[in-house]
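Reviewing the structure listed below.
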Amino acid sequence: MAHLWSGRFAGDPDAELFAFGSSFRFDRRLFADDVRGSLAWAAGLARAGVLSAADAAAIDRGLREILDQASADPAFISDAHGDEDVHAFVERELVARIGDAGRRLHTGRSRNEQVALDLRLYLKRRIPGLQRDVAAVVASLIGLADRAGDALMPSYTHLRRAQPVLVAHFLLSHVASLRRDVDRLNTVLDEIDELPLGSGAIAGTAYPIDVAALATALGFTRIARNSMDVSGDRDFVASFLHAASLGMVHLSRIAEDFILFTSEEFGYFELADSAATGSSLMPQKKNPDPLELVRGKSGRVIGHLAGWLVTMKGLPAGYNKDLQEDKEALFDAEDTWTGCLRATASILHGLRPHAAVTARAASGLLLATDVADYLVAKGLPFRDAHEVVGALVRRLLDEQRSFEDLSLDEWRQHSALFAEDVRQAVTPLASVARKRTPQSTAPEAVAAALDDARRWVSGFGLEA
Ligand code: ARG
């Protein structure tokens, strides 16, 4: 079979080595983007007077036929012809339909810039779907926050009880990190908003292509700065993999929280039966396998980022075939992230909060900071208040008691500043209600944050 570059060679490539180097198996995903780029390139060649109007029209018709055939029959994009990559596939199909005019399409163009274009077009069309999947997880968190209502729970630092918070506040903490994931994808979209065409293989093209018009036609606002850079640049793949890795880190932390909080030890939430699995041996088990898989798959996506950075780091300027490795990493990261986002949304959707359990855990010695704040309100310097309350906590621990059980006399043994009103001041509800900043767990602040999150989600055409 003739390849895109056969002319220079006296014989055929070794079949196994050819198969080793082919990318069609995975870059067929870029089919629609490749055709779109070629349609624009043909129009650009015609505008520059390089292609006759008749040839340009034939190419246009041929490429559209190929697109139609692929949408009518997805099996059409098959490797039955042993194509090296998606670019070879499209060109062969085009020539089969329109003959010689098809052989003029590649004038002034290289696969190096073509693949750089295709990947950008691919990400431009796929990232909005990922962002929507992230927003769907946010919608599920908001739904869970609604079911939790005004339930309280402990917050933790060092995985030790810290201060009471609303359950909704805890859930909104994960909303905040997920919203950053969407923003980070927007910066990837900005990075890839640059037309690579006109770069040729590495030195630019010898035809007077109006790259500005081409950029507009393909939806780019900027033109690449340097043709040599285009040839070897896959920074944007690393940026995407970084966005995916952090996105997976966030999902993994959500998974970890709910693996813990649905365990017998915590019992704060109940997993839906449909989101758990049993044990083949131990009849009592209700295992959080789907959450564990979300946590586990984060390693794989981070691995793609690390692997890709290593692949890039030693490359000399310009295109090198190593760069073909970008696609499997990118596609698998995308698929894994999408799968985990959907799984997480579905698991969260079925979670039931146990308000009585979380409320019980939100009471007790984790009100110590509120006791200190009480003393501060009565005029004691905070550092002194901290010491007074520290001694009080030590005593309560010794006596296995808590603040609620103290009589006023006992309070006053520790400081004469304590008065009858200490009882109302030192409750979980008073603790959250006393918070004053917009990012705090104060009920009004949480209600406003939930409204804001709901508005954000509705921007994706989703309801929460
Ligand atoms: N399949 C190749 C890739 O993904 C396309 C570019 C090929 N360019 C070349 N000079 N061999 O990188």
Side-chain angles (χ1 to χ4, degrees), residues 1-9 12-38 40-41 77-79 81-94 103 105-126 192 194-206 218 224 226-241 304 307-335:
M1 153 178 200
H3 301 297
L4 294 174
W5 33 261
S6 289
R8 189 237 172 272
F9 294 92
D12 287 335
D14 175 83
E16 265 186 47
L17 284 180
F18 182 78
F20 177 67
S22 324
S23 51
F24 188 61
R25 188 168 41 84
F26 44 85
D27 68 14
R28 60 212 284 171
R29 269 208 208 200
L30 302 174
F31 167 77
D33 311 290
D34 198 69
V35 176
R36 189 161 166 236
S38 288
W41 183 248
I77 312 173
S78 85
D79 44 16
H81 295 89
D83 296 301
E84 182 183 356
D85 56 25
V86 67
H87 325 293
F89 171 87
V90 172
E91 190 169 318
R92 184 186 46 69
E93 288 290 336
L94 182 65
R103 300 171 64 84
L105 168 63
H106 210 55
T107 312
R109 183 177 70 164
S110 156
R111 279 187 295 163
N112 297 351
E113 55 183 339
Q114 214 179 331
V115 71
L117 171 70
D118 292 1
L119 266 183
R120 284 175 164 83
L121 291 176
Y122 177 81
L123 283 172
K124 271 159 86 79
R125 81 180 152 91
R126 302 290 292 188
I192 60 181
E194 210 172 87
L195 177 80
L197 291 182
S199 299
I202 186 158
T205 188
L218 286 168
N226 179 287
S227 64
M228 286 186 77
D229 177 53
V230 164
S231 186
D233 167 39
R234 293 293 183 281
D235 289 1
F236 66 96
V237 172
S239 299
F240 176 81
L241 292 173
H304 287 316
W308 181 242
L309 290 171
V310 174
T311 298
M312 286 204 303
K313 82 176 242 319
L315 298 182
Y319 179 82
N320 298 271
K321 185 78 164 185
D322 316 46
L323 293 176
Q324 180 168 286
E325 289 287 306
D326 59 357
K327 282 171 278 297
E328 285 169 293
L330 190 151
F331 296 152
D332 187 64
E334 181 202 358
D335 292 346

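Every number for a ligand or one of its atoms is a count from 1 in the order of the listing. Not measured: the values here are computed from a predicted model.
For the pair Ser23 and ligand 1, the shortest N or O to N or O distance falls below 3.5 Å. Polar contact with ligand 1: present for Tyr319 (N/O pair, distance under 3.5 Å). Between His87 and ligand 1, no pair of N/O atoms sits closer than 3.5 Å.
Judged by distance alone, the side chain of Trp308 and the main-chain N or O of Asp326 form no donor-acceptor pair under 3.5 Å. With hydrogens and angles disregarded, no donor-acceptor distance shorter than 3.5 Å links the side chain of Thr205 to the backbone of Gly200.
At the top of the distance list for atom 10 (N) of ligand 1, counting protein heavy atoms only, stands Asn112 OD1, 3.0 Å.
When each atom of ligand 1 is checked for a heavy atom of Lys327 under 4.0 Å away, the hits are 3 (C), 4 (O), 12 (O). Every atom of ligand 1 with a heavy atom of Val115 under 4.0 Å away is listed here by number and element: 4 (O). Listed by atom number, the atoms of ligand 1 under 4.0 Å from Gln324 heavy atoms are 1 (N), 2 (C), 3 (C), 4 (O), 12 (O).
We find that Glu84 and Lys321 are joined by a salt bridge, their nearest charged nitrogen and carboxylate oxygen being less than 4.0 Å apart.
Note: Phe24 and Phe89 have parallel aromatic rings, judged against thresholds of 30 and 60 degrees for the angle between ring planes.
A cation-pi arrangement is present between Arg29 and Phe331 under the rule of less than 6.0 angstrom and at most 45 degrees off the ring axis.
No part of Glu84 comes within 4.0 Å of ligand 1, judged by heavy-atom distances.
Centroid-to-centroid, the aromatic rings of Phe18 and His3 come within less than 6.0 Å.
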